[in-house]
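Have a look at the structure below before the remarks.
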Amino acid sequence: MPASYDIAVIGGGIVGASTAWALGQRKAGSVALFERSVIAAGASGRTGALLRRHYSNEPEARLAMLGQSIYRDWPDHVGGECGFVPEGVVVTVDSSPGHERNLDLLRANVAMQNRLGINSQVVTGDGLQAMQPFLATDDIPLASWEPDSGYVNSIAATRSMAEAAARSGVEIHEQAGDTKLVVESGRVVGLETAEGAMAADVVVLATGPWCVNQLTPLGIDLPITALRVQIAIIQRPLELSRDHFIFIDTAAGVFTRPWGPGTSLVGVGGGDQHDEVDPDDYTPGNDPSYPTAALSAIARRIPAMGRGVYLHGHAGLYDMTPDTHPVIGRTRIEGLYVAAGFSGAGFKKAPAVGLCLAAEITGDQSPVDLTPFDPHRFESPGWDKPWSDTEYTFSSDFGHKL
Ligand SMILES: Cc1cc2nc3c(=O)[nH]c(=O)nc-3n(C[C@H](O)[C@H](O)[C@H](O)COP(=O)(O)OP(=O)(O)OC[C@H]3O[C@@H](n4cnc5c(N)ncnc54)[C@H](O)[C@@H]3O)c2cc1C
């Protein structure tokens, strides 16, 4: 093992693995990835991995679009398997009294997605019910529907990405301990890992909410917090043998997708379901009340699911920024890049994030402009302005914006 690398990536989630892969593809020099546990030990192993592209701002829609295109044609781009399952994605918006304007915003946002090249349509609740008669859609005047999206197996995808990185020459170090950054005279010079100290000219920090502890001693205060969010796996009754659409259902306060044959993943929205926690000290299992909450939430959209059976579930962490948009790009410490703060919506974007960061690091043009994701933006006045004039308002907290 060399004691020095051109580029070190810290964090073996989908973002770190994708960045390492993209650097390997570019033959960017000697590259190593350091994961303190195993690949996909963090949010990437606990996620829903729904691939929505519906956003109310262009920069994130562009990342989601590029990310989805890689998942969809994984064997051609990455090699191996990510478990992509094609399925339509429905996004609903709150249109309750006081929030009716969301319907106009929905039309505008679907038009924006179409302009970018995303296959998305405005559909009525009746239209959805005609396609899937088991849906209850009384509260959906309009929704966005992406017929050609899907979901992936997140652990398979993250491992496959790391394997592809290794095939392109990247060293993958699992169980590397809590890697620390070494900075001298305002530039990163290396790392300290369980394997010892090593030099690196460039470091990419892709450690989710844990990046805060790595950056604070360097004088960079990233306002990222960890939100504990649960999901449950529900066995559907026999009458629901057919898979249902993927839903990011902010109207019903639930997100769902098929999980396996006859089973579905269900996550409950609402502020009372999300706790801010210490990322090193949170309960990784479901709360005792969660199975009932999940069944009752999903029954609002698919009534027969109320007769489903809870099988198992777990909690994971959203790494939340104050504006719920990620931080991606170079920091003011020379040679140090960060990609974190994905606020519960990073899986779909990760392959794109890797491609963009690798392009920036090697001095090429990024396929998506990363300027809006500037890690230091919270230090400037106006950081809290919406990223578009088509941002939705919600009567209940869904954990993240759209
Ligand atoms: C319940 C849930 C549902 C979600 N649903 C979706 C969804 O449907 N669609 C979507 O797009 N996104 C979703 N997300 C969000 C998505 O999963 C995350 O945005 C994404 O996985 C983040 O990837 P990451 O690589 O940045 O972080 P992580 O996967 O958390 O990886 C960070 C890694 O860094 C390692 N690490 C930490 N500190 C150190 C250190 N000092 N040294 C070395 N390694 C270290 C950790 O062990 C970890 O493996 C969901 C998240 C959760 C929790």
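Both ligands and their constituent atoms are indexed starting at 1 by order of listing. What you see is a predicted model; the values in this text were computed from it and never measured.
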Would you call L128 and V90 a side-chain contact if the rule is heavy atoms closer than 4.5 Å?
yes

When you check the side-chain N and O atoms of D249 and T92, is any donor under 3.5 Å from an acceptor?
yes

With backbone taken as N, CA, C and O and side chain as the heavy atoms from C-beta onward, which portion of A315 lies under 4.0 Å from ligand 1: side chain, backbone, both, or neither?
neither

With a 4.0 Å cut-off on heavy atoms, is A176 in contact with ligand 1?
no

Out of curiosity, is P209 lining ligand 1, as in a heavy atom under 4.0 Å away?
no

Just jot down the ligand 1 atoms closer than 4.0 angstrom to any heavy atom of Q214, in number order.
40 (C), 41 (N)

Here's one to test your reading of the geometry: is the NZ or CZ of R36 within 45 degrees of the ring axis of W210 and under 6.0 Å from its centre?
yes

Using a strict 4.0 Å cut-off to heavy atoms of G48, name the atoms of ligand 1 that fall inside it.
3 (C), 4 (C), 5 (N), 6 (C), 8 (O)

Any donor-acceptor pair under 3.5 Å linking the side-chain atoms of Y282 with those of D275?
no

Considering both backbone and side-chain atoms of T179, is one of its nitrogen or oxygen atoms within less than 3.5 Å of a nitrogen or oxygen in ligand 1?
yes

Purely on distance, is any nitrogen or oxygen of Q230 under 3.5 Å from one on ligand 1?
no

Any side-chain heavy atom of P372 sitting closer than 4.5 Å to one from D369?
yes

Apply the side chain to side chain donor-acceptor pair (under 3.5 Å) test between D243 and each candidate in Q132, R236, R257; give the one that qualifies.
R236

Do any N/O atoms on R46 end up under 3.5 angstrom from N/O atoms on ligand 1?
no

Please state which option from I39, T207, L317, V89 has its nearest heavy atom closest to atom 53 (C) of ligand 1.
L317

With nothing but distance in play, are any N or O atoms of D319 less than 3.5 Å from an N or O of ligand 1?
no

If we count only N and O atoms by modelled type, under 3.5 Å, do the side chains of E60 and H325 hold a donor and an acceptor together?
yes

Quick one: which ligand 1 atoms are inside 4.0 Å of a heavy atom on G177?
42 (N), 43 (C)

Look only at interatomic distance and state if E35 has a nitrogen or oxygen under 3.5 Å from any nitrogen or oxygen of ligand 1.
yes

Donor + acceptor pair across side chains of S120, W145 (<3.5 Å):
no

Side chains of T124 and D126 only: does a donor on one sit below 3.5 Å from an acceptor on the other?
no

Would you mind listing which atoms of ligand 1 come within a distance below 4.0 Å of any non-hydrogen atom of V229?
1 (C)

For ligand 1, which atoms, with element, lie under 4.0 Å from some heavy atom of F34?
43 (C), 44 (N)

Atom 22 (C) of ligand 1: which protein heavy atom is closest, and how many Å away?
S44 OG, 4.1 Å

Assess A206 for proximity to ligand 1: is some non-hydrogen atom of it under 4.0 Å away?
yes

Per-atom contacts, ligand 1 versus W210 - under 4.0 Å to a heavy atom
30 (O), 37 (C), 38 (N)

Within a reach of under 6.0 Å around CZ of R46, are more than 12 heavy atoms found that belong to other residues, nucleotides or ligands?
yes

Any idea which of G208, A43, G316 brings a heavy atom closest to atom 28 (P) of ligand 1?
A43

With respect to I231, determine whether any N or O atom, backbone or side chain, lies less than 3.5 Å from an N or O atom of ligand 1.
no

Give yes if a backbone or side-chain nitrogen or oxygen of I10 is under 3.5 Å from a nitrogen or oxygen of ligand 1, and no if not.
no

G346 versus ligand 1: do any nitrogen or oxygen atoms come within less than 3.5 Å of each other?
yes

Do any nitrogen or oxygen atoms of K348 come within less than 3.5 Å of a nitrogen or oxygen of ligand 1?
yes

For the residue pair F245 and F247, categorise the inter-ring angle as parallel (less than 30°), tilted (30 to 60°) or perpendicular (more than 60°).
tilted

Using only heavy-atom distances, determine whether the side chains of Q230 and D287 contain a donor-acceptor pair under 3.5 Å.
yes

Going through the checks in order, is the ring pair (Phe, Tyr, Trp, His ring centres under 6.0 Å) test met by F378 and W383?
CA-CA 5 Å; F378 303 107; W383 64 263; 5.3 Å; yes

